[in-house]
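Chain letters run A, B, ... following the sequence lines, proteins first, then strands; residues in each count from 1.
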Amino acid sequence: MADRPFIARGFHGRRPQAHPERLPPGQYETRDFPVLSAGPTPRVSLAAWDFTIHGIDGGSVRWTWDELHALPRETPTVDIHCVTKWSRFDTTWEGVSVDTLLDAAAAQGVDGGAYVVAFCDGGYTTNLPAADVTGGRAWVVWGYGGGPLPPEHGGPARLLVPHLYFWKSAKWVRGLRLLARDEPGFWEELGYHERGDPWREQRYRGDP
Amino acid sequence: MSEPRPAVPGGPAPLAWRVATVRGVSPASAHARTLVLDVPAWPGHRAGQHVDVRLVAEDGYQAQRSYSIASAPEDTGVSLTVERLDDGEVSPYLTDVLRPGDGLEVRGPIGGYFAWDVVAGGPLLLVGGGSGVVPLLAMLRHRAHAGAAARARVPARLIYSARTLEAVIDRADIERLEGATEVDVVLTLTRETGMEWTGRRGRVDRGLLAEAGWPPSAAPRAFVCGPTPFVEAVATMLVELGHEPRHVRTERFGPTG
């Protein structure tokens with residue numbers, strides 16, 4: 001990046017921000033909820049749906065749709081930030097904390113390492129440090145805005161990791177693979193940043 | 001993204017911001033303009049990729065947006081076709097204020113999944129809505145640079161939905177590509193009321209995709225780009241018609257301005 005920004009002749013900007021402190025660099029606030037996906041929206045029957053955590057040593061634990069809903073529920077209200085530049089404030093979700101899932105997995109002897117890869121219907125994957133999906137900062141959600149999560153936004157269930165760019169919040173998620181070593185996911189292999197912290201503007205590989 | 005960016009494959013080469021120079025500005029439709037940029041040390045791109053544009057004001061305020069590249073990798077310069085959104089913040093600047101000789105900060109190319117080149121093969125089924133046609137035109141322009149024999153191996157069809165005739169982007173160039181490079185083009189207008197348009201009207205529906213697209217047995221590579229509801233509808237219909245989901249690549253335009 002250039003040390004001193006290039007000033008665009010005649011550009012003044014015109015979007016006063018209600019909450020500039022909530023907007024990461026390069027982002028703008030939208031009231032819409034745009035959709036970004038690389039392929040068609042998959043459709044899956046809830047009867048066949050499950051969520052599986054694969055441990056580092058080959059063990060796994062699996063929840064059906066109903067079993068997942070029987071776990072303690074949380075209703076986070078969070079700001080979300082897409083790498084395509086939009087941010088949306090105060091989005092409301094319903095789901096289960098990833099801590100709850102990992103604790104249940106550990107109780108059954110399914111242990112993890114320093115990284116996780118989320119895998120999804122449609123073949124999408126994304127990788128995250130385990131530290132980014134624990135400590136009350138990540139959820140598997142099936143509710144949005146008081147209703148069910150619509151398919152184009154990742155329903156029946158998606159990952160929600162609001163402190164990272166939203167491609168990390170994998171849509172149509174079906175489980176987590178726990179790994180000792182990092183392994184790039186779909187967009188990460190295609191040149192996007194490994195971690196994706198919006199406050200450090202980690203959009204693409206090689207960004208700070 | 002074919003392994004899009006890094007100049008050093010696999011390396012952590014940052015995608016640098018570069019100050020491009022606007023070489024030319026020309027109308028692409030009643031609502032869109034094409035900016036031809038000279039980008040210093042441009043590493044080249046694949047048809048379908050985009051760039052980020054950053055505008056910084058005197059007081060430090062900045063805005064960023066993404067725009068698809070309209071030009072073929074073989075063309076001189078990097079062209080962006082920008083549709084003006086009346087309530088937008090960046091697009092009115094790019095279409096109304098920017099003029100030849102100005103500088104413009106860009107970085108890219110970005111994206112390697114919604115990208116195509118002749119060696120990736122076909123048939124090529126392109127379905128665009130509104131300004132979503134821009135990356136698809138880059139693919140057709142790239143294909144036009146291949147020899148006739150190579151083109152014959154990769155037949156191409158474009159289904160393009162625009163609101164009105166005056167909103168059609170690069171109509172003359174689409175006609176040129178159709179005539180000179182054997183592209184089947186189906187243009188449908190969703191809100192045209194004028195009598196001079198005697199072609200197809202209405203939205204892209206299942207019947208049109210079945211009739212104008214390739215059958216699933218031909219295993220076309222489908223690229224669908226446009227506003228979110230358009231892409232949702234078209235991609236869903238293609239899968240319902242029997243096309244493999246992994247052969248349907250999409251790019252959805254949010255309401256960015």
Would you please name every residue forming a ring-ring contact (aromatic ring centres under 6.0 Å, His included) with B/Tyr93, sequence neighbours left out? A/Phe11
State which residues pass ring-ring contact (aromatic ring centres under 6.0 Å, His included) with B/Phe230; sequence neighbours excluded, sorted by chain then number. none
Is there side-chain contact between B/Arg157 and B/Leu126, with heavy atoms separated by less than 4.5 Å? no
Do B/Glu105 and B/Leu55 have side chains that get closer than 4.5 Å, going by heavy atoms? no
Does the ring centre of [Y] sit less than 6.0 Å away from the ring centre of [X]?
X	Y	result
B/Tyr61	A/His12	no
A/His69	A/Trp142	yes
A/Trp172	A/Tyr124	no

Side chain, backbone, both or neither: which part of B/Val248 has an atom under 4.5 Å from a heavy atom of chain A? both
Which bit of B/Glu58 comes within less than 4.5 Å of chain A, counting heavy atoms only: side chain, backbone, both or neither? both
Does NZ or CZ of B/Arg65 come closer than 6.0 Å to the centre of the six-membered ring of A/Tyr28, within 45° of the ring's axis? yes
Using a heavy-atom cutoff of under 4.5 Å, enumerate the residues of residues 236-247 of chain B that contact chain A, numbered in order, or state 'none'. B/Thr236, B/Val239, B/Pro245
Who in residues 95-104 of chain B is close to chain A, using a strict under-4.5 Å heavy-atom cut-off? B/Val97, B/Leu98, B/Arg99, B/Asp102, B/Gly103, B/Leu104
Hey, is the main chain of B/Val82 close enough, under 3.5 Å, to the side chain of B/Arg33 for a donor-acceptor pair? no
May I have the step-by-step check of salt bridge (Lys or Arg N to Asp or Glu O under 4.0 Å) for A/Arg177 and A/Glu183, ending in yes or no? CA-CA 10 Å; A/Arg177 282 191 287 121; A/Glu183 198 176 277; 3.3 Å; yes
